[in-house]
Amino acid sequence: MYGSAQTPDDSERTAFRKAEKKYKLDKSSVITKKPRKNQVKQEEDLSEVIDFKSILETDKETGETPPGISKLQSDFSRPVFCFEDRPGFYFIPGALSVEEQCHWIKESLGNFPQPPNRTNHNAIYGPLHDLFLAAQTQKVLIDAGTVNADANSTFTSNAQELDVKRWKTNEESVQKLSGDSCKVITASSLLRKLRWSTLGLQFDWSKRNYNVSLPHNKIPETLCQLAKRMASPAMPMGEEFRPEAAIVNYFGSGDMLGGHLDDMEADWSKPIVSISLGCKAIFLLGGKSREDLPVAMFLRSGDIVLMARQARECFHGVPRIFADTENAEITSLALQFSNQDDHCFLEYIRTSRININIRQVY
Ligand SMILES: O=C(O)CCC(=O)C(=O)O
Ligand SMILES: [Fe+2]
């Protein structure tokens, strides 16, 4: 997604790549090396990152918005902000309550990666049931060679039954392994490496389109209702948003989503409804060309972004996740999970971000 392995010099970089480079995590600042003598740590400059949380607060107090940003005049239940020069892009800060955020985090970890929904692990291990539960109960997967699950293969119910039995306890794996040349993979490492799951019509990443022949469930009704409600500020008069597919992205510290377009849906007048959960991130919204200077903004847990019409043609990406305690801004989420005794979810989300983006495909 990030082009060639060679690092082009700055003159060859597009404006989008330069912005990605500016905001991506500087890994050297995370590894606690003893600073070299006279080494001055470069202060990170986030002064140009638009902060809709503070824009919302100022709007509440004074009714004013910064130049170039306006509040949508609508009867929507919450304030919706737009960029005057980027039609079709909408930002709804704090659209979800903390209870709703917890609910969707649990769904994203416990239910959304369940077959027939596919995840990035399908291509290597085939469908995996109960990954989150297996990680909590310290299960392992014994990989006797690769399952050789081609990205498009459909698994028979028999194969799926076998798959349910694939999680083993550590002791079982020791017995099984003696004399065998198998590999043991912990469920918790697979959970950490979970990058995406797809709901509803399944998106085929290898072909970059929807493969309607793959088995799938409908988008869960409650997610469907939420997406319809949230899409309304971006919807053409009198039309209805039909959620048919969703991609759930899972980010850990240092992960990023490179600049891209989502152009495999038929009707670009319809929005993509994009929900942020967990650690704070930086979102880049560029123009129709990678050469256009992108605008950077913070995305926090509970924020919702809509991209419709012209905004569907704009490059966008997520160069940065703030997974450190100081900057993640998940205090209320952490409190809510602690009160609910949901420490396993808290443990995950403390250093992770989840994005659910919901689409009408046809
Ligand atoms: O993570 C985000 O906020 C954006 C996700 C996105 O652009 C996508 O999945 O196409
Ligand atoms: Fe996208």
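Start at 1 and go down the list; that is how both ligands and their atoms are numbered. All values below were derived from every heavy atom in this structure, side-chain atoms included, with hydrogens, water molecules and symmetry-related copies excluded.
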J.: Taking the N/O/S atoms of His260 one by one, which is nearest to the Fe ion (ligand 2)?
T.: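 Nearest N/O/S atom of His260: NE2.
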J.: Atoms of ligand 1 less than 4.0 Å from Arg353 heavy atoms?
T.: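 Answer for ligand 1: 1 (O), 2 (C), 3 (O).
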J.: Within ligand 1, which atoms have a heavy atom of Asp262 less than 4.0 Å away?
T.: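 Every atom of ligand 1 under 4.0 Å from some heavy atom of Asp262: 10 (O).
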J.: State the atoms of ligand 1, each with its element, that fall below the 4.0 Å cut-off from a heavy-atom position in Asn357.
T.: 5 (C), 8 (C), 9 (O)
J.: Using a strict 4.0 Å cut-off to heavy atoms of Val318, name the atoms of ligand 1 that fall inside it.
T.: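 Counting from 1, the qualifying ligand atoms are 1 (O), 2 (C), 3 (O), 4 (C).
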J.: Is the charged tip of Arg192 near the ring of Tyr348: under 6.0 Å from the six-membered ring centre and within 45° of its axis?
T.: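 Yes, a cation-pi geometry.
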J.: Give a yes/no verdict on whether any heavy atom in Trp196 is under 4.0 Å from an atom of ligand 1.
T.: no
J.: Angle class for the Phe52/Phe91 ring planes (parallel below 30°, perpendicular above 60°, tilted otherwise)?
T.: parallel
J.: For residues Leu285 and Phe89, determine if any side-chain heavy atom of one lies less than 4.5 Å from a side-chain heavy atom of the other.
T.: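 Heavy-atom side-chain distance check passes, below 4.5 Å.
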J.: Just which atoms of ligand 1 are under 4.0 Å from any heavy atom in His260?
T.: 6 (C), 7 (O), 8 (C), 10 (O)
J.: Could you tell me if Lys228 sits above the aromatic ring of Phe241, with its cationic atom closer than 6.0 Å to the ring centre and no more than 45 degrees from the axis?
T.: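 No, a cation-pi geometry is absent between Lys228 and Phe241.
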J.: Hey, is Asn355 touching ligand 1 through its side chain, its backbone, both or neither, going by heavy atoms under 4.0 Å?
T.: side chain
J.: Begin from the C-alpha positions of Tyr23 and Phe298 and carry the test ring pair (Phe, Tyr, Trp, His ring centres under 6.0 Å) through to its verdict.
T.: CA-CA 11 Å; Tyr23 292 119; Phe298 289 118; 8.5 Å; no
J.: Which of the N/O/S atoms in His316 sits closest to the Fe ion (ligand 2)?
T.: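 This residue's closest N, O or S atom turns out to be NE2.
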J.: What atoms of ligand 1 come within less than 4.0 Å of a heavy atom belonging to Phe251?
T.: 1 (O)
J.: How far apart are the C-alpha atoms of His260 and Phe315, what are their side-chain angles, what is the distance that settles it, and do they pass the ring pair (Phe, Tyr, Trp, His ring centres under 6.0 Å) test?
T.: CA-CA 5 Å; His260 66 279; Phe315 281 91; 8.4 Å; no
J.: Are more than 12 heavy atoms from other residues, nucleotides or ligands located less than 6.0 Å from atom NZ of Lys106?
T.: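 Yes - once you tally the heavy atoms of other residues, nucleotides and ligands closer than 6.0 Å, there are more than 12.
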J.: May I ask you to list the atoms of ligand 1 that are less than 4.0 angstrom from any heavy atom of His316?
T.: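 Close to His316: 7 (O).
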J.: Leu299 heavy atoms, cut-off 4.0 Å: which ligand 1 atoms fall inside?
T.: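 Close to Leu299: 3 (O).
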J.: Looking at Phe251, is Arg195 sitting on its ring face, NZ or CZ under 6.0 Å from the six-membered ring centre and within 45 degrees of the normal?
T.: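 Verdict for Phe251: a cation-pi partner in Arg195.
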J.: Among Leu284, Ile356, Leu257, which residue places a heavy atom closest to atom 6 (C) of ligand 1?
T.: Leu257
J.: Please name the atom of Asp262, limited to N, O or S, that comes nearest to the Fe ion (ligand 2).
T.: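 This turns out to be OD2.
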J.: Could you check Glu244, Arg312, Gln360 and say which one makes a side-chain contact (heavy atoms from CB on, under 4.5 Å) with Glu265?
T.: Arg312
J.: Would you say Asn249 contacts ligand 1, with heavy atoms under 4.0 Å as the rule?
T.: yes
J.: Counting C-beta onward and ignoring hydrogens, is there a side-chain heavy-atom pair between Arg350 and Thr325 closer than 4.5 Å?
T.: no
J.: Side chains of Thr58 and Glu61: do they bring a donor and an acceptor to under 3.5 Å?
T.: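 No, because no side-chain N or O of Thr58 sits under 3.5 Å from a partner of the opposite role on Glu61.
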J.: Is Arg359 near ligand 1, meaning one of its heavy atoms is under 4.0 Å from it?
T.: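 Right, Arg359 reaches ligand 1.
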J.: Indicate yes or no: does an N/O atom of Ser276 lie under 3.5 Å from an N/O atom of ligand 1?
T.: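 Looking only at distances, the answer is no, because the N/O contact criterion of under 3.5 Å is not met.
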